[in-house]
There are 2 protein chains.
Amino acid sequence: MPRPRHTAIREQIEGLILSGVLKPGDRVPSEQELVAEHGVARMTVSRALSDLVAAGLVVRRRKAGSFVAAPPSEEKLLGVPDMRETLPGHAHAVLKRAVRVASGADRARLGALPKGARVLALLVRHDSQGVPAAMEDRLVSLDAVPEAAGESFVEAPPGTWLLERVPWTEAEHRIRAAAADTGMAAMLGMAAGAPCLVMERRTWRGDQPVTAARITWPGDRHEVTVRSSRGPLRG
Amino acid sequence: MPRPRHTAIREQIEGLILSGVLKPGDRVPSEQELVAEHGVARMTVSRALSDLVAAGLVVRRRKAGSFVAAPPSEEKLLGVPDMRETLPGHAHAVLKRAVRVASGADRARLGALPKGARVLALLVRHDSQGVPAAMEDRLVSLDAVPEAAGESFVEAPPGTWLLERVPWTEAEHRIRAAAADTGMAAMLGMAAGAPCLVMERRTWRGDQPVTAARITWPGDRHEVTVRSSRGPLRG
DNA sequence: TGGCGCATTATGTCTAGACATAATCCGAGG
DNA sequence: CCTCGGATTATGTCTAGACATAATGCGCCA
């Protein structure tokens with residue numbers, strides 16, 4: 001079958017959003033404009049926009065128009081709540097911060113990077129009411145997010161900061177249990193060898209790696225929740 | 001706005017699928033039939049069916065018709081692979097099997113059950129190439145799945161068996177790290193106190209609890225992977 | 001009996017209209 | 001300057017057609 005026209009229209013707008021040309025809150029072309037641009041009936045562009053709504057990339061408001069949707073909260077991405085929202089009395093401290101040319105190990109964590117690409121490496125401790133709650137060891141590709149090089153991450157922790165700025169297309173989480181080594185145990189105020197929940201999260205924009213984070217939680221202080229549902233749908 | 005007609009049509013079919021009247025592989029009414037039944041234009045029922053396809057409840061084949069989709073594999077539910085597919089040389093053994101009236105503890109795990117409801121309690125060990133790989137402690141509500149009472153679970157482990165038969169609408173996973181107690185350590189062939197990944201999965205059909213499983217993996221032999229993506233969409 | 005090709009059929013996409021509805025914009029009146 | 005209400009506008013839904021396409025299955029022919 002020839003490629004449906006509504007698919008072409010949808011992909012054009014997807015491209016604008018995922019490439020960053022259109023940012024959250026920006027207006028996307030109205031039905032009228034798309035009808036004129038592509039020379040199709042209104043139902044056809046309506047279908048394209050409806051599909052984008054279903055995918056969560058676009059929100060539409062009568063009379064106002066169609067807009068790029070805010071990216072889903074980390075909460076929705078996986079049950080991993082945004083730390084600032086969930087941990088009571090959350091604070092964080094940036095323990096290390098370095099910009100460097102990606103090493104072999106960095107490449108292994110982030111995936112295919114161009115030769116000589118620079119990365120930002122961060123080590124952050126998250127506290128809840130003065131008690132250490134998690135350690136975050138993160139790499140950010142400066143190819144994908146150049147503006148991260150000038151960010152101190154004092155205001156917002158890197159997870160939150162990135163999620164607000166960088167549109168992503170793909171995310172992977174790997175969760176395992178591990179025993180705390182002595183360094184980790186000291187930083188988290190727990191016994192060496194005690195069980196920890198280790199989560200590695202990687203995100204991509206298209207084929208381009210964006211960030212890789214390893215977050216370690218004391219096993220007795222945290223759990224990850226994932227909820228999924230199958231129909232009835234929104235609507 | 002008055003309730004859209006395509007929504008009413010969609011929900012009618014959703015109801016047939018989720019209530020179990022239509023099972024995976026069954027034919028759903030054709031566009032023609034729905035047009036005649038509801039007195040609407042074909043595009044309207046087409047929209048309803050398209051939404052069901054997007055939700056993964058229905059698959060459509062030209063000339064053949066529309067059919068109830070096979071439920072997603074456990075693989076897709078969460079990155080938790082179906083044990084039979086992923087563990088090389090998988091075998092399982094039912095260690096305990098009991099039918100009883102739900103106790104207070106059973107109620108706490110499964111959620112709201114009618115008074116006097118019966119449950120099936122199972123304890124299953126999963127092996128990979130002769131080595132213990134996981135312990136599964138599961139409750140099944142016999143209100144939701146009466147046919148489970150007569151099933152031995154020798155052929156297929158309970159997770160696989162249930163997934164093939166019971167349509168679900170909601171699933172929740174909680175993942176945490178814990179130290180193995182002596183009993184668990186003995187059954188899994190690991191040291192007491194060693195880290196384990198504990199996953200509790202609960203599923204519902206509508207408001208009705210279906211099953212609750214607690215699966216314990218040795219921390220060094222397993223990890224859970226979750227992948228999510230945001231557009232480009234299928235199609 | 002067996003295999004091939006074509007008619008049939010259900011879905012997939014699209015059009016050019018129509019009316020409904022929510023929300024914004026803007027002007028009139030206070 | 002502020003507020004209320006109506007005109008405007010973009011989206012939401014729907015119709016009655018149309019043509020395209022894939023796949024089934026039947027009949028024809030060997």
Side-chain angles (χ1 to χ4, degrees), chain A residues 1-14 16-17 22-70 231-235, chain B residues 1-14 16-17 22-70 231-235:
Chain A
M1 184 147 45
R3 171 157 271 257
R5 313 254 251 145
H6 71 258
T7 302
I9 297 169
R10 170 165 60 69
E11 286 177 350
Q12 181 209 329
I13 301 170
E14 269 174 5
L16 292 173
I17 295 173
L22 292 178
K23 297 196 194 321
D26 285 357
R27 233 200 129 104
V28 329
S30 71
E31 293 190 347
Q32 292 280 359
E33 292 165 324
L34 290 169
V35 162
E37 180 183 344
H38 293 89
V40 297
R42 191 167 78 94
M43 267 230 80
T44 305
V45 303
S46 178
R47 160 104 194 248
L49 289 168
S50 296
D51 285 352
L52 289 167
V53 169
L57 285 173
V58 160
V59 293
R60 310 185 73 187
R61 284 181 10 240
R62 274 177 164 136
K63 158 73 187 180
S66 303
F67 302 86
V68 178
L233 326 173
R234 63 281 151 189
Chain B
M1 184 145 44
R3 172 157 268 259
R5 315 254 250 147
H6 71 258
T7 303
I9 298 169
R10 169 164 61 67
E11 286 177 351
Q12 181 209 327
I13 301 170
E14 267 175 6
L16 292 174
I17 296 173
L22 292 179
K23 296 195 194 319
D26 284 357
R27 234 198 127 105
V28 331
S30 71
E31 293 190 348
Q32 293 278 1
E33 292 164 323
L34 291 169
V35 162
E37 180 183 345
H38 292 89
V40 297
R42 191 169 75 96
M43 265 230 84
T44 304
V45 302
S46 179
R47 161 101 192 250
L49 289 168
S50 295
D51 286 351
L52 289 168
V53 168
L57 285 172
V58 160
V59 293
R60 309 184 74 187
R61 284 181 13 240
R62 274 177 165 135
K63 157 74 186 178
S66 303
F67 302 87
V68 178
L233 326 172
R234 63 279 151 190

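Convention: sequence-line order gives letters A, B, ...; per-chain numbering from 1. Keep in mind it's a predicted model, so treat the numbers as computed, not measured.
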Fill in: S30(B) OG to R42(B) CZ distance, which is reported to the nearest 0.5 Å
10.5 Å

Discussion item. With rounding to the nearest 0.5 angstrom, report the CG to CD1 distance, L49(A) to I9(A).
Written reply: 8.5 Å

Response to the item:
Testing dA23(C), dT15(D), dT11(D) for proximity to the side chain of R42(A), the answer is dT11(D)

Worksheet item: dT15(C) phosphate, OP1 or OP2: any side-chain N/O from T44(A) under 4.0 angstrom?
Response: yes

Practice prompt. Measure the distance from CG on L52(A) to C1' on dT11(D) and round it to the nearest whole Å.
Written response: 15 Å

Discussion item. Measuring from the side chain of R61(B) (C-beta onward, heavy atoms only), which nucleotide among dT13(C), dT13(D), dT24(D) has the closest atom?
Written reply: dT24(D)

Discussion item. Of the options dT15(D), dT11(C), dT15(C), whose atoms approach the side-chain atoms of R60(B) most closely?
Written reply: dT11(C)

Practice prompt. Specify the separation, in whole Å, of atom NE2 of H38(A) and atom C1' of dC14(C).
Written response: 15 Å

Worksheet entry | dT9(C) OP1/OP2 closer than 4.0 Å to side-chain N/O of S30(B) | no

Discussion item. Can you measure D51(A) atom CG to dG12(D) atom C1' for me and round it to whole angstrom units?
Written reply: 15 Å

Fill in: Heavy-atom side-chain proximity of V68(B) to V28(B) below 4.5 angstrom
yes

Worksheet item: Separation of E31(A) atom CD from dC14(D) atom C1', in whole Å?
Response: 14 Å

Practice prompt. Calculate the interatomic distance between R27(A) atom CZ and dT9(D) atom P; express it in whole Å.
Written response: 13 Å

Item to complete: With the side chain counted from C-beta on, respond yes when V45(B) and H6(B) share a heavy-atom pair under 4.5 Å apart, and no when they do not.
Response: no

Fill in: From R27(B), R60(B), E31(B), residue fulfilling side-chain hydrogen bond (donor to acceptor under 3.5 Å, both in side chains) relative to S66(B)
R60(B)

Worksheet item: Base, sugar-phosphate alone, or nothing: which one does R47(B) contact when heavy atoms must sit under 4.0 Å apart?
Response: sugar-phosphate

Worksheet item: Which part of the nucleic acid does S50(A) contact within heavy-atom distance under 4.0 Å: base, sugar-phosphate only, or nothing?
Response: nothing

Practice prompt. Would you indicate which nucleotide in dA22(D), dC14(C), dG12(D) comes nearest to any side-chain atom of K63(B)?
Written response: dA22(D)

Worksheet item: For R62(B) and dA23(D), what is the distance between atoms CZ and P respectively, to the nearest whole Å?
Response: 8 Å

Discussion item. In whole Å, I'd like the distance from the CD1 atom of I9(B) to the C1' atom of dC14(D).
Written reply: 11 Å

Discussion item. Rounding to an integer number of Å, can you tell me how far R5(B) CZ sits from dG12(D) C1'?
Written reply: 15 Å

Worksheet item: Taking the side chain of P4(A) as its heavy atoms from C-beta onward, which of dA22(D), dT15(D), dT13(C) lies nearest to it?
Response: dT13(C)

Worksheet entry | Candidates dC14(C), dT11(C), dT15(D) - which lies nearest the side chain of M43(A) | dT15(D)

